[in-house]
Every structure is written in C-alpha cells, then in structure tokens.
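Written out below as structure tokens is the structure these notes cover.
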2 protein chains.
Amino acid sequence: MNKRKFILGIDGGGSKCRARLVSSEGDLLGVGMAGSANPLEGVDHSINAIMKCTLEAVSAAGLSKAILKQTSVGLGLAGIILPDRHKALKDWKHPFKEIFMTRDQHIACLGAHGGADGAVIITGTGSCGLSNVKGNITEYGGHGFPLGDKGGGAWMGLKALQHSLRAENNLGRQTIIGDMLHEWFKVPDSASIISRIARAQPAEYAKLAPVVFAAAEQNDDVALEIIQDGAAYICRMAREILKTSPPRLSLLGGLGPRMHQWLDKEVSSHIQDPLDNAEVGAILFARQCMAGSSSRAKGKQKT
Amino acid sequence: MNKRKFILGIDGGGSKCRARLVSSEGDLLGVGMAGSANPLEGVDHSINAIMKCTLEAVSAAGLSKAILKQTSVGLGLAGIILPDRHKALKDWKHPFKEIFMTRDQHIACLGAHGGADGAVIITGTGSCGLSNVKGNITEYGGHGFPLGDKGGGAWMGLKALQHSLRAENNLGRQTIIGDMLHEWFKVPDSASIISRIARAQPAEYAKLAPVVFAAAEQNDDVALEIIQDGAAYICRMAREILKTSPPRLSLLGGLGPRMHQWLDKEVSSHIQDPLDNAEVGAILFARQCMAGSSSRAKGKQKT
C-alpha cells in the first residue's frame with residue numbers, strides 16, 4: 001500500500017472546484033467537489049476549496065489522507081496568473097508528494113483535446129479562451145468579473161439587471177425582461193433585488209443568464225442585444241484564436257451549448273466537442289510535468 | 001450648558017461621511033469627516049463612519065460627547081432605501097436626542113435650494129437624481145455600483161478598464177487610454193492592475209475618472225465614447241426630472257463641473273449653482289422634521 005502512487009487532477013474554477021483521483025495506471029478511484037476556488041477571494045479560500053474536494057475524492061476512494069504523500073497533483077486554478085496569488089500558492093505547505101500548477105483554462109484545453117494541441121473558449125460564469133499550439137500557450141480575455149468576462153453568465157446577468165433598473169425610472173427601455181427578473185427574484189421591488197445582489201459573487205449574477213436567454217426567446221429587445229453583444233465578442237475571440245491554427249477548437253463551460261447557436265456560422269463550423277473534462281486535463285497536465293521532470297532527472301544522471 | 005440644544009447635519013455618502021454641528025441658533029460649531037458610510041458595506045460600517053465624523057465635529061467644537069443627548073440629528077444616508085438596511089438603522093441604539101433619516105440625495109437637494117423645492121443630479125463616485133416639488137419626492141437612477149450609477153466616476157473607471165483589458169488581447173480597439181491607465185497604476189502589466197482593483201470599492205474605480213477625461217481631451221475614441229454615453233444618460237435623467245417642474249435644478253458631486261460641459265445645451269441651460277452643501281441640507285431637514293413633530297405635538301396638546 002505504501003508503494004502505490006496516485007495522481008489527483010483538480011479543476012479550481014471561479015464557481016466550483018472539482019477533484020479526480022486516479023491510480024498511477026489511470027484507474028478512476030474517486031471524485032470530489034467544493035465551491036469556488038477563485039484566488040480573488042483570497043488564497044486561503046482557494047486552498048480550503050482545493051483541500052475540501054481532495055479529501056472528498058480520497059474518502060470516495062475508500063482511502064485515508066495518508067495517501068496524499070504518495071500523490072502527484074495537477075492543479076488548474078482560476079486567477080493564478082495574478083502575481084501575488086501565484087507567489088502565495090507557491091509558498092503553500094501542501095500535504096502532497098508534489099504539485100504542478102497552471103491556469104484552469106490550460107487543463108480544460110488539455111482535457112478537451114486528450115492532451116494534444118488545441119484551443120478552447122469557455123463561457124460559464126465568466127468567459128475566456130486559450131490556445132495551446134506547439135508549446136505556445138496564448139490566453140484571451142478572462143480578467144474576471146466585473147473587469148472582463150464579457151459574454152459570460154455574470155456579465156449577462158449584470159447587464160440585464162442594469163437595463164431593467166434603469167427602465168423603472170424611464171431612463172431606459174421598458175421591456176419584458178424587467179418583469180421576468182422580478183419574478184425570478186420573487187421580490188416585490190428593485191430595492192430588494194439590489195439589497196440581495198449588489199455585493200454578490202459573480203456566480204450569483206450568472207444565475208440570471210437563463211432568464212436572459214428565456215427573454216431572448218420571447219424576442220425581448222434588451223435580452224437580444226445583450227446576447228448578440230456577448231456572442232459578437234466570443235466570435236471575435238474565436239477569430240483571434242483561429243489565427244494560431246489550433247488542430248481543434250472546443251466551446252466549453254455551462255453557457256457553451258446555449259451560446260453556440262448565437263455564434264456566426266463561420267466560427268461555429270470550427271467548433272468540435274471536447275474529448276474529456278478539465279479534471280482529466282489536470283491529470284494529463286500532471287503526467288506531462290512528471291514526464292518532464294523525470295526526463296530532466298534522467299538527463300542529469302547521464303551527465 | 002445642560003440646557004443648550006444642538007443640531008447635527010450628517011451627509012453619509014458612498015465615499016465620504018461629513019458632519020456639521022451647529023447651535024440651535026444656527027452658529028457653526030464644528031465639522032468632521034470620515035470614510036464611506038455606504039450601508040451596502042454593512043450597517044455597522046455606516047454607524048462607525050457616522051460616529052467617527054460626529055465625534056470629530058464635537059471635538060472640533062471643543063465640546064464633549066455628553067452633548068449628543070442634547071443633539072437632534074438630520075442624517076442623509078446612501079442606500080437607506082434598501083429595506084433591510086433601513087430596518088437595521090431604525091433599530092440602532094444611537095446616543096442622540098433624536099435622529100431623522102432620509103436619503104443622501106434628499107439632503108443634498110435641500111442644501112442646494114436653501115430648503116425650498118428643487119431638484120438635483122449628483123455625479124460623483126455614483127450618479128443619481130432627486131426631485132423635491134410640492135411635497136413629492138421622486139428619485140432617479142442610483143442603484144449603486146456596479147448595478148447602476150451610469151455616468152458616475154466608478155462606472156467610467158470600470159468602462160475604461162474593461163476596454164483597455166480587452167484591447168490587449170486584440171479583442172477591442174487599442175487606443176491611448178490603455179497606456180494612460182497603466183501609467184496611472186504604475187504597474188508593468190494588466191495582471192497587477194486586476195490584482196489591485198478587481199474587488200475594490202466603487203471609490204477606487206472612481207479615481208480613474210480623471211484619466212478618462214484626460215484621454216478624451218486627447219480625442220481618445222474610447223474615452224470620448226464612455227463620456228458621451230454617460231452624459232447622454234445624465235441628460236435623459238435631467239429631462240425626466242424637468243417634467244416635474246422643479247423651480248431650480250443643480251448638478252452636484254465631484255464630477256459635476258467636468259460633466260457639465262458634456263451635457264447638451266438645452267439641459268445645461270436649466271442648471272443653476274447650488275446654494276449650500278448637503279450637511280447644511282441635513283440640518284435643514286432636521287429642522288423641518290423637528291418643526292413637524294413639534295406642530296404635531298402642539299396639535300396633540302390641543303385635542
């Protein structure tokens with residue numbers, strides 16, 4: 001038992017943190033899930049989420065946390081490029097054998113294309129893109145809510161609320177989306193909506209995205225404008241990504257399937273289904289890093 | 001000394017909280033200032049700011065806090081219309097003789113027009129309007145950042161950052177405002193900007209508004225678009241307000257003077273200088289409430 005080796009893939013996203021534990025032979029042993037791992041909420045917040053889903057996966061596998069010392073971790077984490085967050089995470093006294101960190105988009109891309117070259121656009125709570133071609137990783141958009149993430153669910157929810165609040169004072173167009181949002185919140189007035197959501201996390205705003213799509217289906221002008229504006233941005237991102245000639249391009253994230261139909265045909269024709277999820281990508285990433293360090297180690301022995 | 005009566009006017013805004021202590025005869029005794037009193041940050045936060053500037057004013061007057069029991073307070077507070085905040089503030093065991101609360105725009109309006117009927121548009125960190133005509137108070141916009149407050153400084157700062165971050169990935173137009181923002185932040189890359197401002201208060205975003213105006217003076221397309229969009233919204237608000245036939249209309253707030261020149265001529269022609277500030281308005285409000293309750297009390301004695 002002491003000699004067994006494990007690999008843990010962790011997808012630390014802005015809304016959810018997911019872990020997947022496999023044996024060194026690749027057999028699935030257990031999975032776990034926790035809330036947001038976004039380092040914008042503080043590095044401790046990320047570490048708590050990472051450890052929660054890790055221990056859940058270990059427990060689901062019927063193992064004890066003693067195995068963490070035999071476990072190599074691939075971690076894809078939202079917001080890790082922020083310099084101070086990155087440093088704080090590097091200094092983390094983690095309980096694992098080793099940990100390899102990268103952006104969450106990177107492991108999503110590896111998962112979507114079986115570890116091979118490719119590109120992804122992710123529209124969930126936020127929006128971002130990544131191309132991974134011939135060793136060159138290029139990122140697109142992201143930047144978090146409310147600074148960036150145009151076309152993502154939180155951006156949509158905020159836009160819709162802004163419009164409907166303005167409309168109440170006749171400072172904007174009054175369309176059905178205002179009533180639909182009130183109905184969704186189940187509150188009588190806008191003051192209650194503001195009270196509830198003003199300082200909320202992006203994931204709370206993103207819950208309104210389905211309301212925006214539903215209003216668009218009823219030809220609501222405001223909803224149509226929001227979605228078309230978001231889709232135009234995603235298309236622009238796709239065109240930039242396609243300039244890097246990725247062998248495959250996948251559209252991921254919770255809003256992916258809904259957003260797909262709003263993209264223009266030319267962009268849409270390039271999109272292929274992902275092969276696997278981001279946790280699998282995190283495991284592929286860990287294996288690539290382990291192979292890299294072992295070949296470097298072997299190289300050293302030779303000299 | 002025990003028989004002296006005092007009136008304290010407090011302007012509890014989203015960025016600053018200001019107090020003005022006068023004698024019952026109206027002589028200025030002392031002023032005080034504290035940071036944001038925005039109840040969106042929690043009611044305790046507001047109460048702390050209110051008490052800090054109150055004690056500063058009392059101390060500046062060379063008095064002790066024992067006088068608070070002889071002090072009637074007029075308080076104009078940002079976000080007070082939010083139902084749960086309002087309730088929590090009503091339950092506050094305050095140290096004053098009595099306290100009369102209203103929206104911060106209301107006291108600003110009373111101050112601007114010497115306690116008489118009139119209307120105001122406030123563009124500072126946020127943006128909002130209020131008309132006070134023949135006992136009818138109507139509010140326009142507001143709703144806080146990022147849900148509302150279009151045309152305010154925080155909204156401008158966010159818009160400018162969104163544009164310049166997008167431009168870096170060629171997902172938006174690259175104009176000089178991007179360089180100007182980097183220079184302002186004195187950081188080498190966008191990741192550092194995001195790290196610093198992503199979860200910042202509206203007042204932090206509003207500090208970028210002068211950069212937007214400076215870029216507009218250099219004919220930066222993005223800056224011009226942001227300011228024109230904001231100004232169009234403020235003009236729309238002004239036209240709605242003018243429908244209530246206020247005898248006077250003033251444009252207040254830190255961005256007021258800069259925004260004025262971007263408004264269309266017809267709207268601009270209606271704008272008059274304010275007579276006094278919001279703390280004076282808060283004192284006028286307290287006096288109106290005291291006169292109201294004393295006439296009600298007298299009325300009761302008669303029956």
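All chains are named by letter (A, B, ...) in the order of the sequence lines, taking the proteins before the strands, and each is independently numbered beginning at 1.
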Donor-acceptor pair, side chain of Glu139(A) and main chain of Asn169(B), under 3.5 angstrom: no
Chain A contact via Leu147(B) - which portion, at a heavy-atom distance below 4.5 Å: both
Look at Gly148(B), Gly172(B), Ser192(B) and state which one has the largest set of heavy-atom pairs under 4.5 Å with chain A. Gly172(B)
Option that, when pairs with chain A are counted at under 4.5 Å, heavy atom only, ranks first among Gly129(B), Gly142(B), Pro146(B): Pro146(B)
Shortest non-hydrogen contact between Tyr233(A) and Leu171(B), atoms and distance: OH-CD1, 3.5 Å
Gln162(B), Glu168(B), Arg239(B): which one forms the most heavy-atom pairs within less than 4.5 Å of chain A? Gln162(B)
Within the distance-only criterion (no hydrogens, no angle test), does the side chain of Arg236(B) pair as donor or acceptor with the backbone N or O of Asn170(A) below 3.5 angstrom? yes
